[in-house]
Protein chains: 2
Amino acid sequence: MSAADPVRRGRPGYDRRGLLDAAVAVFNESGYDGTSVAALAARLGLSKAALYHHFSSKEEILETALDEALDGLEGVLAATDAVRPGDRLAAVLEGAVGVLVAHLPSVTLLLRVRGNSEVERRALERRRAFDQAVTAIVRAAQEEGAVRADVDASVATRLLFGMVNSLVEWYRPSGPEGAEALARDVLAVALDGLRTR
Amino acid sequence: MSAADPVRRGRPGYDRRGLLDAAVAVFNESGYDGTSVAALAARLGLSKAALYHHFSSKEEILETALDEALDGLEGVLAATDAVRPGDRLAAVLEGAVGVLVAHLPSVTLLLRVRGNSEVERRALERRRAFDQAVTAIVRAAQEEGAVRADVDASVATRLLFGMVNSLVEWYRPSGPEGAEALARDVLAVALDGLRTR
DNA sequence: GTCTATAGACCGATAGAC
DNA sequence: GTCTATCGGTCTATAGAC
């Protein structure tokens, strides 16, 4: 696992990555708006100046984290490009769960964004585009006959991702449920329903 | 419909109900913590003192709204007391969608509470108890054979209510979808899944 | 005159800017 | 380290509909 790690040189302390993770954790605890840069620096045990050495603004931290989450989600779409709609929907759901688990803090931050700044609005716009792409997949899967047609594609997409996104409210990687088991359960409920037959 | 309305007497203006609705709307826009009493009063076009005539504290406004949402949800459990687990689960889901639609602002507020005060923690505790009651219903439905047993009851409950609760993010009563159609779609996806058979 | 809703001046505490 | 703006909240008096 250390093959990709460049050897850490110079004065020890946070690097950009570590600082990002720590800051996002604080944002998720106290809210982005509710966290002042001073409070953030204090929580991380360093000075504001040290913080601004790694990021040029509080908002750049936010933007970096949101990009991480959005890149992950958009990557799922790109990776399933060639799959037929019915199977692709399942693959996208599974991939989204994977991204959510692998980047839980940044996705959590993303899902709480309400559009209070230009950065937040851009993130919301990318989310909207992602939703629309998934809606198109659902619609194609309906036309293919793989997905029931008596639920509007847009409503279905929102319900599916409502379920997936709610994972950030309770799922913890340290818990009893592994990521694969979680994805399996989500696919089972979303595609086949909870009712026995 | 006016039979139950006591004739409004005294100086015209907000009554407690109207003020509550307006305040909750503002809280949902800017966040409870992010809304100062001064800002709230300004938004509603009255003075802080007038506000405190109707509510004894900012937190009492929050508590009243959270109680409304929680009373609604708990009422669904009470109303389906005698139904057998399998059907009861469906009835609870349908009822929860109904409560969410009928009390969208207060439920929205409830779902954003993070436990920053005693009032918020009590609300979270009631939510937790509600979740546990539903989990027990799911488990009973599994033992009855009405619900698939290969998904943990607690996980299933969280996924179901993740889907239901996500409605506050996008559903608007003014939109094209009525409350009944919405409940139908939720039940369809939750119980029978999106896949055709 | 009674009822309800309202305004303005003001308080102590504190968080954030400088 | 100090200083100021803002926080939630209070007190007292009044405005308007029946």
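Convention: sequence-line order gives letters A, B, ...; per-chain numbering from 1.
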Take the protein atom [atom1] of [X] and the nucleotide atom [atom2] of [N], then report the distance between them rounded to whole Å.
X       : N      : atom1 : atom2 : value
B:Leu46 : D:dG16 : CG    : P     : 16 Å
A:Leu40 : C:dG16 : CG    : P     : 13 Å
B:Phe55 : D:dG9  : CZ    : C1'   : 16 Å
B:Leu44 : C:dA5  : CG    : C1'   : 14 Å
B:His54 : C:dA5  : NE2   : P     : 5 Å
B:Leu51 : D:dG8  : CG    : P     : 11 Å
B:Tyr14 : C:dA7  : OH    : C1'   : 15 Å
B:Leu19 : C:dA5  : CG    : P     : 10 Å

Using a strict cut-off of less than 4.0 Å between a Lys/Arg side-chain nitrogen and an Asp/Glu carboxylate oxygen, indicate whether [X] and [Y] qualify as a salt bridge.
X        : Y        : value
A:Arg122 : A:Glu63  : yes
B:Arg114 : A:Glu29  : no
A:Arg127 : A:Asp131 : no
B:Glu125 : B:Arg128 : yes
B:Arg126 : B:Asp71  : yes

Contact nearer the 5' end of DNA chain D, comparing B:Tyr32 with B:Ala49: B:Tyr32
Nearest-nucleotide 5' precedence on DNA chain D, B:Ser56 against B:Pro12: B:Ser56
Side-chain-base donor-acceptor pair under 3.5 Å for B:Lys48 and D:dG9: yes
Distances under 3.5 Å only, N/O to N/O: pair up the protein atoms with those of nucleotides 1-5 of chain D.
none

Axial cation check for A:Tyr32 ring with A:Lys58, 6.0 Å and 45° limits: yes
Phosphate OP1/OP2 of C:dA7: any B:His53 side-chain N/O under 4.0 Å: no
Sugar-phosphate only, base, or nothing, as touched by B:Ser36 at under 4.0 Å among non-hydrogen atoms: sugar-phosphate
Crowding at CZ, B:Arg112 (>12 non-hydrogen neighbours, <6.0 Å): yes
